[in-house]
Amino acid sequence: MQDMTPNASADMTPTRLKHRAEFLRAASRGRKVAVHGLVLQALARPDGGPARVGFTVTKKVGNAVIRNRTRRRLKEAARLLLREAPVSGVDLVLIGRDTTRGRPFSALIDDLRRALDKAGVARMEPA
RNA sequence: CCAGACGGCUGGACGACCGCGGUCGGGGGCAACCCCGGCGGAGGAAAGUCCGGGCUCCACGGAAAUACGGUGCCGGCUAACCGCCGGCGGGGGCGACCCCAGGGACAGUGCCACAGAAAACAAACCACCUGAACGGGAAUGCCUUCGGGCCUUCCUCUUCCGGAACGGGUGAAACGGUGCGGUAAAAGCGCACCGCGCUUCUGGUAACAGCGGCGGCAGGGCAAACCCCACCGGGAGCAAGACCGAAUAGGGGCGACCGGCGGCCUUUCCGGCAACGGAUGGGUGACGCGGGGGCAUUUCCGCCCUGUUGCCCGGGUUGGUCGCGCGAGGCGCGCAGCAAUGCGCGUCCCAGAGGAAUGGUCGUCCAGCACGCAAGUGUGGACAGAACCCGGCUUACAGGCCGUCUGGCAGG
RNA sequence: CGGAGCGUAGCGCAGCCUGGUAGCGCAUCAGUCUGGGGGACUGGGGGUCGUGGGUUCGAAUCCCGCCGCUCCGA
C-alpha cells in the first residue's frame, strides 16, 4: 500500500485489503457473484495499481479451525490464479461458505476463475 | 478369561512440488527492498474466561472500623488461590474405590405448604385413670299406708378437681428405641442393651478416636433464608504503559504558585521650585533580556515556542518502535518427604503475528471402520488454532499404550 | 479485555426476590347464536420451566457447572 506509485506496475503481486471501510465499500458498490465454492465481491479502482484481495469468513461457517481452513484455501486459490493471470485496478473480497472447505481444490480454482469472469474482472486488465 | 476401579502417557509417520511469517549469515541496491543459504514456527486443552498471581499505570500518611464481595472440618504445600496433597467425620458400593460449601440454630429475626390434636414458649384438645357432685339404671338387704322410700355394691351420661405425657388415622419431621418390672391408669418411674449429652484418662500437632465414669434425656429442621463469628480483598487492565514521527490553529477558558535583571505600578527616605533622578521594600505574568526547550547530533548564526503547574473545552493523529518472551521455564539424575512439593547437580533455548504466518496439493505407510473364506477392495483421521506471561479450575475429545488394584469363574 | 441480562404452551409475556397450586393474552379444537362467512359467547386440549448436578421433606424459584442468545463499555 505504500508503493502505489505507477512506475511499480511491473510488480503485479496483489496486496491485502485491510480496513473495514474498504470491505464495506466493496460490499455496497461492487459486483457480487456467487458460485458453488465461494462468493466474490469486486470493485474497480481508478488508480490501476495491483489488485487488492480481502477475505471474509463469518462465524456462521464454523469454529476458528474451520474458518482458518476455509480462509487459507481461498487465499491459496487466489494466489495461484492471480499469479498466472494477474489483474489490476480492482479490489476483490472473497467470502467463504460452508462448501468451501469440502470442495476439491481444482474445482475451487475453477469456481474462482468463473466468478472473476462473470464479474468482468478479466476485462479490467490494463491496456 | 470375564466384569470393574484408579492413575499416568500419547494425540498419526515419512516424502515431493508450490507458498507464508520470524530470525541469523552472505550478496546486491542511495534507499524502500530483492536474491541465496541455515535454523526453528500451535495445544493438552491454545477453548470457556471461572479463580489466583506476575507486570504496568492510577489512587493512597499509618492503623482500625463500617459497607460490599469472597472463603469456611484439621494439618501440610504453594508467589498466591474458590487450587493441590495427606488425614478426620458423614453417605454410597460385596469390593477396589467414589461423593460431600462439612464453622455457629441457648445472639437475634424468619419459614416449615397439605395432612394432623399439636410444627416449637410450651401447652391446649380427644381418648385413659383415681376421686367428688347431680341424675339415671341394675342387683342385694331392710321398712311400708303397696304409691314407694332407704342402705350397700356395681355400671353409666354430664360437669369438676387431680394424675399422666402412654395412645391419637397424619406427616419429611412430633419432647429417644426395644424388652422386663412397676402402677388406679401410666410414664426413664426403675433396670438391661442401643442411641444421646457432659467429662477424667489415653493416643494424635490437630480435626478426632478409644476405654472408663457421670447424667435419665438436656430436646426438631432449615443458615446453598436473613444473619453471627473467623480469615482474605485499593482500582483498572498490554487497546496497560513508554518512546519516535506525522498532522493541526504548537488554539482557548478557569484557577494556584515563583521573582535573576530591566520595564511598569506603588511604600518610605534623600536631592530638586517642578518634570524627574538615586536608594529602599512590596506588587505586577507576557512587555523586553537572561534562563529553558524545539528544528537528528556538535559549534556559530538564524527562526520558532516558553515563567512553573493543575483542571476543563476544542482541534489533529488509525504510521512506526519498545513492552514481547531466560521464564514461579523444559528435560534427565540424585536427595528429603506417605504425598502435594522443595532442594541440589547437569543439560537445553523452544512461535512471537498485528485483517493477524504456522499453509495448499499430491503420494506411500501405520492405526480405526465396513465388505470378503482369503489375497484384497473401499472409506478415513477425535476435540480443536497462540495474541502480555504464568499457576489452577471447568468444559470438549476418535483411537492407542502403560501401570496398580478389586470381584467372579476356570486351571496348576 | 471488562460488565449486565435473558431462556417458562405454537407466539408474546407473568410467576422466581419471600421454595409447596405453573397463570394471562393471541393462536388452536369442539359446541351455540347466523341461511353462510365474519364476529360474539361457552367449554376443552397443549408446557422435559435451556441443560447436568447439589441443598432441602419438597426446586421454575436457592447454589454451582455447562449450552444458546441479546445488550453495554474500552
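Each chain gets a letter, A, B and so on, in the order its sequence line appears, and its residues count up from 1. This is a predicted model, so every value here is computed, not measured.
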Comparing A/Ile66 and A/Pro104 on RNA chain B - which has the more 5′ nearest nucleotide: A/Pro104
Calculate the interatomic distance between A/Leu81 atom CG and B/G360 atom C1'; express it in whole Å. 14 Å
When A/Leu38 is tested against each of A/Leu112, A/Thr70, A/Ile95 for side chain to side chain contact (heavy atoms under 4.5 Å, CB included), which residue passes? A/Leu112
Under a 3.5 Å limit on both distances, the Watson-Crick or wobble mate of B/G241 is B/C322
Watson-Crick or G-U wobble partner for B/A124, using a 3.5 Å limit on both distances? none
A/Asn68 CG - B/A47 C1' separation (whole Å): 14 Å
Within this structure, what is the CG-to-C1' distance between A/Leu80 and B/G359, rounded to whole angstrom? 11 Å
Would you say A/Arg73's side chain and A/Arg103's backbone share a donor-acceptor pair under 3.5 angstrom? yes
Quick note, A/Phe23 side chain, CB onward, closest among B/G360, B/G385, B/G355 is B/G355
Taking B/G93 as the reference, what is the distance to B/A367 when you measure between their P atoms (whole Å, please)? 45 Å
Indicate syn or anti for B/C350, taking the glycosidic torsion and treating anything within 90° of 0 as syn. syn
Taking the P atom of each, how far is C/C1 from B/A46, in whole Å? 14 Å
What form does the base of B/G62 take, syn (within 90° of 0) or anti? anti
Tell me whether the OP1 or OP2 atom of B/G19 has a side-chain N or O from A/Arg72 closer than 4.0 Å. no
Syn or anti: how is B/A42 classified when any glycosidic angle within 90° of 0 counts as syn? syn
First locate atom CD of A/Gln41, then atom CG of A/Leu94, and finally report the distance between them rounded to the nearest 0.5 Å. 9.5 Å
Please give the nucleotide sitting opposite B/G21 as a Watson-Crick or G-U wobble pair, both distances under 3.5 Å, or none. none
Nearest-angstrom distance from the residue atom CZ of A/Arg101 to P of B/A384: 12 Å
A/Lys59 side, atom NZ; A/Ile66 side, atom CD1 - distance, nearest 0.5 Å: 13.5 Å
Partner of C/G38 by Watson-Crick or G-U wobble geometry, both contacts under 3.5 Å, or none? none
C/C62 to C/G19 separation - P atoms, rounded to the nearest Å: 10 Å
Please give the distance between the C1' atoms of B/U309 and B/C324 as a whole number of Å. 36 Å
Tell me what A/Arg73 touches on the nucleic acid: a base, only sugar-phosphate, or nothing, going by heavy atoms under 4.0 Å. sugar-phosphate
Syn/anti state for B/G44 [syn: chi within 90° of 0]: syn
Using atom NZ of A/Lys59 as one end and atom C1' of C/U70 as the other, report the distance to the nearest whole Å. 13 Å
In whole Å, what separates the P atom of B/G212 from that of B/A187? 31 Å
Can you tell me the distance, in whole Å, between the CD1 atom of A/Ile109 and the C1' atom of B/C18? 11 Å
Work out how far the C1' atom of B/U377 is from that of B/G403, and round it to whole angstrom. 40 Å
Which glycosidic conformation, syn or anti, is assigned to B/G147 if syn requires a torsion within 90° of zero? syn
Across all strands shown, which nucleotide pairs with C/G7 by Watson-Crick or G-U wobble geometry, both distances under 3.5 Å? C/C67
Rounded distance in Å between the P positions of B/G320 and B/G48: 27 Å
Any sub-3.5 Å donor-acceptor pair from A/Arg97's side-chain atoms to A/Val35's backbone N or O? yes
Sort out the partner of C/C49 for me: Watson-Crick or G-U wobble, both distances under 3.5 Å, none otherwise. none
For B/A138, give its Watson-Crick or G-U wobble partner with both distances under 3.5 Å, or none. B/U153
Ignoring backbone atoms, test whether A/Arg71 places a side-chain nitrogen or oxygen under 4.0 Å from the OP1 or OP2 oxygen of B/G359. no
Identified pairing partner of B/A336, criterion: Watson-Crick or G-U wobble below 3.5 Å: B/U341
Starting at CZ of A/Arg67 and ending at C1' of B/G355, how long is that distance when rounded to a whole Å? 13 Å
Do A/Leu116 and A/Leu40 come close enough that some side-chain heavy atom pair is under 4.5 Å? yes
Can a donor-acceptor pair be found, under 3.5 Å and without considering hydrogens, that links the side chain of A/Asp110 to the backbone of A/Arg113? no
If we take the C1' atom in both B/A185 and B/A164, what is their distance in whole Å? 8 Å
For B/G19, does OP1 or OP2 lie under 4.0 Å from any side-chain N or O of A/Arg83? yes
A/Val87 and A/Leu82, any side-chain heavy atoms less than 4.5 Å apart: yes
What's A/Asn63 touching, base or sugar-phosphate or nothing? Going by heavy atoms closer than 4.0 Å. sugar-phosphate
Relative to the 5' end of RNA chain B, which residue comes earlier, A/Phe55 or A/Arg79, by the nucleotide with the nearest heavy atom? A/Arg79
Calculate the interatomic distance between A/Leu108 atom CG and B/G359 atom C1'; express it in whole Å. 14 Å
